[in-house]
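What follows is one structure encoded as structure tokens, with my remarks underneath.
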Amino acid sequence: EVSPNYASEVDGLRIGPFDFPAMPVFARDRERDRMGGGVALIGMGLLRHFRAAFDLGHQSLHLWPGDGYFALARAGVEIDERDGRAIVARVAKGSASESAGVRAGDVVRAVNGKPAGGARETTAAIARSAQIARLTVERDGRFLAAPLALR
């Protein structure tokens with residue numbers, strides 16, 4: 001009566017210009033019949049960028065870009081959350097974030113003059129900015145302005 005859950009790992013993945021590291025992948029087959037006999041797999045590391053489903057029955061992977069992807073593609077920044085704070089996890093080489101001096105480990109305190117929330121809210125604010133995202137980041141107790149010219 002109870003559907004089993006599965007766990008595995010993807011060795012790595014490249015989507016567009018971005019490499020993603022090895023990550024755990026979890027599956028639930030509770031909706032197996034509704035999905036045509038397949039099992040939906042979700043890579044947890046990808047969830048900050050995409051919604052993903054792999055349909056084993058049709059041997060296909062479905063990805064829908066989200067705010068995380070647009071923040072990475074447009075600004076070159078990935079945001080994590082620690083203790084309710086938005087922390088820069090990764091800065092892409094050659095990106096607007098790198099040009100503005102943003103570094104991994106910086107705490108994002110504001111986006112476009114509004115206080116930053118957690119990772120989800122901060123990522124959405126960056127992704128949805130028009131042409132420039134004005135970040136205020138904290139590094140070593142100092143606040144720094146980082147205007148990002150978005151793609």
Side-chain angles (χ1 to χ4, degrees), residues 2-31 35 38-55 61-151:
V2 177
S3 288
N5 294 327
Y6 306 93
S8 187
E9 187 166 303
V10 173
D11 289 333
L13 184 62
R14 183 170 181 86
I15 299 174
F18 306 112
D19 290 316
F20 294 92
M23 68 189 75
V25 177
F26 299 94
R28 299 185 76 156
D29 71 349
R30 186 171 308 191
E31 303 294 331
M35 296 185 321
V39 177
L41 298 177
I42 304 296
M44 301 308 284
L46 286 177
L47 285 179
R48 83 172 54 144
H49 304 292
F50 301 98
R51 295 297 175 250
F54 183 70
D55 184 342
L61 174 68
H62 305 276
L63 293 174
W64 296 269
D67 289 333
Y69 178 79
F70 292 116
L72 185 57
R74 296 183 70 218
V77 68
E78 243 183 290
I79 306 293
D80 271 341
E81 186 168 325
R82 275 186 248 137
D83 301 323
R85 299 180 308 160
I87 308 291
V88 175
R90 173 170 71 148
V91 175
K93 292 184 191 289
S95 68
S97 294
E98 183 183 57
S99 295
V102 175
R103 297 183 195 161
D106 286 349
V107 178
V108 181
R109 292 299 187 177
V111 179
N112 299 325
K114 296 180 182 173
R120 182 179 296 194
E121 298 85 5
T122 300
T123 298
I126 294 167
R128 296 173 186 171
S129 294
Q131 295 176 342
I132 296 176
R134 297 183 193 312
L135 302 187
T136 301
V137 298
E138 181 181 357
R139 181 185 310 141
D140 300 325
R142 295 186 357 207
F143 288 82
L144 308 165
L148 311 180
L150 303 176
R151 297 180 192 159

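Note that the structure is a prediction, hence the values are computed from the model and not measured.
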Calculate, to the nearest 0.5 Å, the distance between atoms [atom1] and [atom2] belonging to [X] and [Y] respectively.
| X | Y | atom1 | atom2 | result |
| --- | --- | --- | --- | --- |
| E78 | S97 | CD | OG | 11.0 Å |
| E81 | T123 | CD | OG1 | 9.5 Å |
| L148 | I132 | CG | CD1 | 9.0 Å |
| E121 | I79 | CD | CD1 | 11.5 Å |

### Task
Give a yes or no on whether the backbone of T136 and the side-chain of R109 come within a donor-acceptor separation of less than 3.5 Å.
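Not confirmed, R109 side chain does not pair with T136 backbone.
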### Query
Would you say the side-chain atoms of R74 pair up with the backbone N or O of A130, donor to acceptor, closer than 3.5 Å?
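Here the side-chain-to-backbone pair exists.
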Answer whether the closest heavy-atom distance between the side chains of [X] and [Y] falls below 4.5 Å.
| X | Y | result |
| --- | --- | --- |
| I87 | V108 | no |
| D67 | R128 | yes |
| L135 | T122 | no |

### Task
For the pair N112 and R134, evaluate side chain to side chain contact (heavy atoms under 4.5 Å, CB included) and give the outcome as yes or no after the intermediate values.
CA-CA 5 Å; N112 299 325; R134 297 183 193 312; 3.9 Å; yes
Minimum heavy-atom distance between [X] and [Y], given as atom pair plus value:
| X | Y | value |
| --- | --- | --- |
| A127 | A71 | CB-N, 3.8 Å |
| A92 | S95 | O-OG, 2.7 Å |
| A149 | A96 | O-CB, 3.2 Å |

### Query
How far apart are the C-alpha atoms of D106 and V91, what are their side-chain angles, what is the distance that settles it, and do they pass the side chain to side chain contact (heavy atoms under 4.5 Å, CB included) test?
CA-CA 10 Å; D106 286 349; V91 175; over 6 Å; no
